[in-house]
Q: 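Please see the structure below; I have some questions.
The basis for the numbers below is simple: all heavy atoms, side chains too, and nothing from hydrogens, waters or symmetry mates.
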Amino acid sequence: RLAHQQRETELADREGDWGSRLPAHWFLADAMMRAGRWREAIESYEVALAVAEGRSNQRQVAALREKIDEARVKLRNEG
């Protein structure tokens, strides 16, 4: 699942369409969270957030910020 999502994200990035990049990075970050890969999750959520800002509704932006905060907490607790 994770490898598949990484490929999907790479394809979305190559296409450059924000409508593809946003969910691809969000889903990849969710998969990284499930795998306990906090830093990578944060990076992917941050890409999704950058894509979403100015293009997406505020609810999505807020949800992404919450996901980033959650991943940062998990990363801090791990160390």
Q: Can you measure from CD (Gln6) to CZ (Phe27) and round to the nearest 0.5 angstrom?
A: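 Answer rounded to 0.5 Å: 15.5 Å.
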
Q: State yes or no: do Leu49 and Leu28 share one hydrophobic cluster built from I, L, V, M, F, W and Y residues joined by side-chain heavy-atom distances below 4.5 Å, directly or via other members?
A: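 Different hydrophobic clusters.
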
Q: Ser44: what forms a side-chain hydrogen bond (donor to acceptor under 3.5 Å, both in side chains) with it, not counting sequence neighbours?
A: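 For Ser44 the side-chain hydrogen bond (donor to acceptor under 3.5 Å, both in side chains) partners, ignoring immediate neighbours, are His25.
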
Q: Considering non-hydrogen atoms only, spot the tightest contact between Ala48 and Trp26 and give its length.
A: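 Heavy-atom minimum between the residues: CB-N, 4.0 Å.
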
Q: How many angstroms lie between atom CD of Glu66 and atom OH of Tyr45, to the nearest 0.5 angstrom?
A: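 Answer rounded to 0.5 Å: 11.0 Å.
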
Q: If you define the side chain from C-beta out and look only at heavy atoms, does anything of Lys74 sit under 4.5 Å from Met33?
A: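 A side-chain contact under 4.5 Å exists here.
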
Q: Within the 4.5 Å heavy-atom criterion, are Val47 and Ile42 side-chain neighbours or not?
A: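 No, side chains not in contact.
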
Q: Quick one: salt bridge (charged side-chain N to carboxylate O under 4.0 Å, His left out) pairs with a partner in residues 8-19, sequence neighbours left out?
A: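 As it turns out, the salt bridge (charged side-chain N to carboxylate O under 4.0 Å, His left out) pairs with a partner in residues 8-19, which skip direct neighbours, are Asp13-Arg21.
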
Q: Tell me every residue that passes salt bridge (charged side-chain N to carboxylate O under 4.0 Å, His left out) with Asp30, counting only those two or more places apart in sequence or in another chain.
A: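 Result, salt bridge (charged side-chain N to carboxylate O under 4.0 Å, His left out) vs Asp30: Lys67.
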
Q: When clusters are formed by joining ILVMFWY residues with side-chain heavy atoms under 4.5 Å apart, either directly or through shared neighbours, do Leu75 and Met32 land in the same one?
A: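 Cluster IDs for Leu75 and Met32 differ.
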
Q: Is there side-chain contact between Val73 and Arg76, with heavy atoms separated by less than 4.5 Å?
A: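 Yes; the side chains approach each other to less than 4.5 Å.
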
Q: Going by side-chain contact (heavy atoms from CB on, under 4.5 Å), name the residues that satisfy it together with Ala31, two or more places apart in sequence or in a different chain.
A: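 Partners of Ala31 under the side-chain contact (heavy atoms from CB on, under 4.5 Å) test: Leu2, Arg34.
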
Q: Which residue pairs pass the salt bridge (charged side-chain N to carboxylate O under 4.0 Å, His left out) test with at least one member in residues 45-61, sequence neighbours excluded?
A: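 Pairs touching residues 45-61 that pass the test: Glu46-Arg72, Glu53-Arg65.
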
Q: Check side-chain hydrogen bond (donor to acceptor under 3.5 Å, both in side chains) between Trp38 and all other residues, then give those that pass, not counting sequence neighbours.
A: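 With neighbours one apart ignored, the set is Glu78.
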
Q: Tell me whether Thr9 contacts the main-chain N or O of Ala24 through its side chain, where contact means a donor paired with an acceptor under 3.5 Å.
A: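 The answer is yes, because a donor-acceptor pair under 3.5 Å joins these two groups.
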
Q: Hydrophobic side-chain clustering at under 4.5 Å (ILVMFWY, transitive links): who's grouped with Leu11? Put none if nobody.
A: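 Members other than Leu11 - counting any ILVMFWY side chain reachable under 4.5 Å - there are none.
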
Q: Mind checking side-chain hydrogen bond (donor to acceptor under 3.5 Å, both in side chains) for Glu40 and listing every partner two or more places apart, or none if nothing turns up?
A: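 Glu40 satisfies side-chain hydrogen bond (donor to acceptor under 3.5 Å, both in side chains) with Arg37 only.
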
